[in-house]
Every structure is written in C-alpha cells, then in structure tokens.
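Each ligand, and each atom within it, is numbered from 1 in the order the structure gives. Excluded from the calculations below are hydrogen atoms, water molecules and symmetry mates; all remaining heavy atoms, backbone and side chain alike, are included.
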Amino acid sequence: MTDAPDSGETDIEAGRRFFARPWRFVMGAPDADALPPATGTEIAFAGRSNVGKSSLINALTGQRGLARVSGTPGRTRELNFFACGEGFFLVDLPGYGYARGRNEAWIGLMLGYLRGRPNLRRVFLLIDARHGLKANDTAILDLLDRAAVSYQIVLTKADKPKPGDLAAVTAAVTAAIARRPAAHPAVLVTSAETGTGLSELRAAIAQLAV
Ligand code: GDP
C-alpha cells in the first residue's frame, strides 16, 4: 500500500486523508513585522470574535487543544500559524468586531498581512449562521475584493438556528456575494458541535494544497 491517491478518490476522501495528518502550532505573530516567511501554501481563517473559529479549527483537525477556545471575545490578538506536513499552513487571524474603535487596527493588521503573502491561496471568512453578514463582515469582504484575495464564506454554528432560518441565512449570504469578484460562490455550512459540513470544508482546503 502506498499513500498515493487512487485515481478514483473523491474530494471528500482526499480531504479526510489530508486532515488525518498531525497539525502543529508554529508561532503567533503580534503584528505584520513578525510574520514567518511566506513559504509553501497558506490559507487563513477570519471572522468576528466568538464566531467559533477556534472550535472549527479544533474540529477540522480533530485536535481539541490546537486552537484555544475562549468564552471571552477578543482574547486572541495574534495571527496564529499552524502547519500540516512540510509546506501547508493555516493562519488563524485575530477576531474582529469585539470593541468599537478597534476595527481600524484590525484592518491595518490585515492589510499588513495580505501585502506580504503571495502564497496565500484563500481566506475562509467565518460567519455565524444565526446572524448572517453584519456591517463589519461586509467591510472585510470589500477589503478582500479590493486586495483581489480569493475568499470563501463558511457559516458556523449551523446547529443553532432552526432549519428554515438556516436556509434563509444561507440564501441571503449566497446572494450577497454573487457579484463580488474575489468570492468563491459556494457557501459552506458547518457546525463544530455536530460535525455538519466539516468533510466538505476539509475537501475544499485539501484541494488548495495540491
Ligand atoms: P472564536 O472566538 O471565534 O475562536 O470562537 P470559539 O471557538 O472560542 O467559540 C465561541 C463560543 O461558541 C464557545 O462558547 C463555543 O463553545 C461556541 N461554539 C463554537 N462552535 C460552535 C458550534 O458549532 N455550535 C455551537 N452550538 N456552539 C459553538
């Protein structure tokens, strides 16, 4: 048996195989001057504080303590780098929206990060499935469109809303990004709690690694 993918392997299987490898924490960067070299392939997770970013990273990797889950919004202010294998990095960006007046600092940090990352393949922007897009999420979409950085929306906590409400939020978000130039058209619906959508997100990420 080799580790090589069969020609018949599905994207879902490839995603599962990709995430079966161990992930490790590499470093936290407090600002754009402290970033590690832009090598290999990188993806990033962004979202409002408390959107469920740490929980999703832990659920995706199956490593409970990898990202710190916190009941206190706005605790993590660093860009946290995680690695899988030799050349694949996942960056957990600090949550935004936790304090009025702090968003300009967040946007400055984001622009500093984006400027130096030619290896960044996609930003996964996490949105709470109960709330949909808020004004500060839309500001991030504008920023990513202007910077021409590919991004994809991931709804989190999909176990929380009623099915009808979830369908309405998914449809509204899908419509809101339809004409945005850098947006991936597919909105992924996930729950770290129940595991909904994790296979699809793993598959999307694994496809970016090849
Ligand atoms: P972060 O600030 O974006 O990293 O968010 P956390 O991962 O720390 O989660 C914030 C809160 O939401 C915690 O109380 C989590 O237990 C809760 N949470 C995260 N993901 C889910 C989910 O999929 N379903 C539910 N019901 N709660 C979640």
Side-chain angles (χ1 to χ4, degrees), residues 12 15-16 19 23-30 42-84 89-103 105-107 109-110 113 122-141 143-144 151-170 172-173 186-205:
I12 294 288
R16 187 195 50 71
F19 273 85
W23 287 76
R24 62 187 188 278
F25 175 71
V26 179
M27 63 171 286
E42 196 159 287
I43 59 160
F45 277 25
R48 292 162 63 88
S49 296
N50 224 33
V51 73
K53 197 151 46 64
S54 311
S55 301
L56 190 61
I57 291 170
N58 291 340
L60 279 175
T61 59
Q63 291 174 227
R64 282 224 150 266
L66 191 64
R68 214 156 17 109
V69 176
S70 149
T72 318
R75 285 267 305 272
T76 315
R77 308 228 172 136
E78 299 199 328
L79 293 87
N80 287 311
F81 286 76
F82 300 95
C84 181
F89 299 92
L90 185 160
V91 188
D92 181 9
L93 298 169
Y96 55 84
Y98 56 90
R100 227 183 277 276
R102 290 285 307 165
N103 277 351
W106 191 94
I107 285 174
L109 181 63
M110 189 72 174
Y113 166 66
R122 190 177 296 168
V123 173
F124 290 88
L125 184 65
L126 277 47
I127 302 291
D128 193 313
R130 293 169 297 179
H131 308 313
L133 291 169
K134 300 281 191 189
N136 47 13
D137 299 318
T138 305
I140 306 307
L141 301 186
L143 184 155
L144 292 169
Y151 61 88
Q152 184 163 12
I153 306 282
V154 177
L155 298 183
T156 60
K157 308 190 190 183
D159 57 291
K160 288 247 187 172
K162 293 191 197 113
D165 294 340
L166 177 62
V169 167
T170 306
V173 171
V187 171
L188 296 170
V189 180
T190 69
S191 164
E193 193 81 15
T194 65
T196 297
L198 296 185
S199 300
E200 289 76 7
L201 179 53
R202 288 191 193 104
I205 292 170

Below 3.5 angstrom, do we get any N/O pair linking Lys157 and ligand 1?
yes
Purely on distance, is any nitrogen or oxygen of Leu56 under 3.5 Å from one on ligand 1?
no
In ligand 1, which numbered atoms sit nearer than 4.0 Å to a non-hydrogen atom of [X]?
| X | result |
| --- | --- |
| Asn50 | 1 (P), 2 (O), 3 (O), 5 (O), 10 (C), 11 (C) |
| Ser55 | 6 (P), 7 (O), 9 (O), 15 (C), 19 (C), 20 (N) |
| Lys53 | 1 (P), 3 (O), 4 (O), 5 (O), 7 (O) |
| Gly52 | 1 (P), 3 (O), 5 (O), 6 (P), 7 (O), 9 (O), 19 (C) |
| Asp159 | 22 (C), 23 (O), 24 (N), 25 (C), 26 (N) |

For Arg16, the salt bridge (Lys or Arg N to Asp or Glu O under 4.0 Å) test, sequence neighbours excluded, returns none
List in chain and number order the residues that pass ring-ring contact (aromatic ring centres under 6.0 Å, His included) with Phe81, two or more places apart in sequence or in another chain; answer none if no residue qualifies.
none
Working to the nearest 0.5 angstrom, can you tell me the gap between Ser54 OG and Arg64 CZ?
12.0 Å
Looking only at heavy atoms, the pair that brings Ala204 and Leu188 closest together is CB-CD1, 4.3 Å
Heavy atoms only: give me the nearest Leu198-Ala59 pair and the separation to one decimal.
CD1-CB, 3.8 Å
Contact between Asp128 and Leu155 at the side-chain level, heavy atoms closer than 4.5 Å - yes or no?
no
Please confirm whether Ser191 comes under 4.0 Å of ligand 1, counting heavy atoms of the residue only.
yes
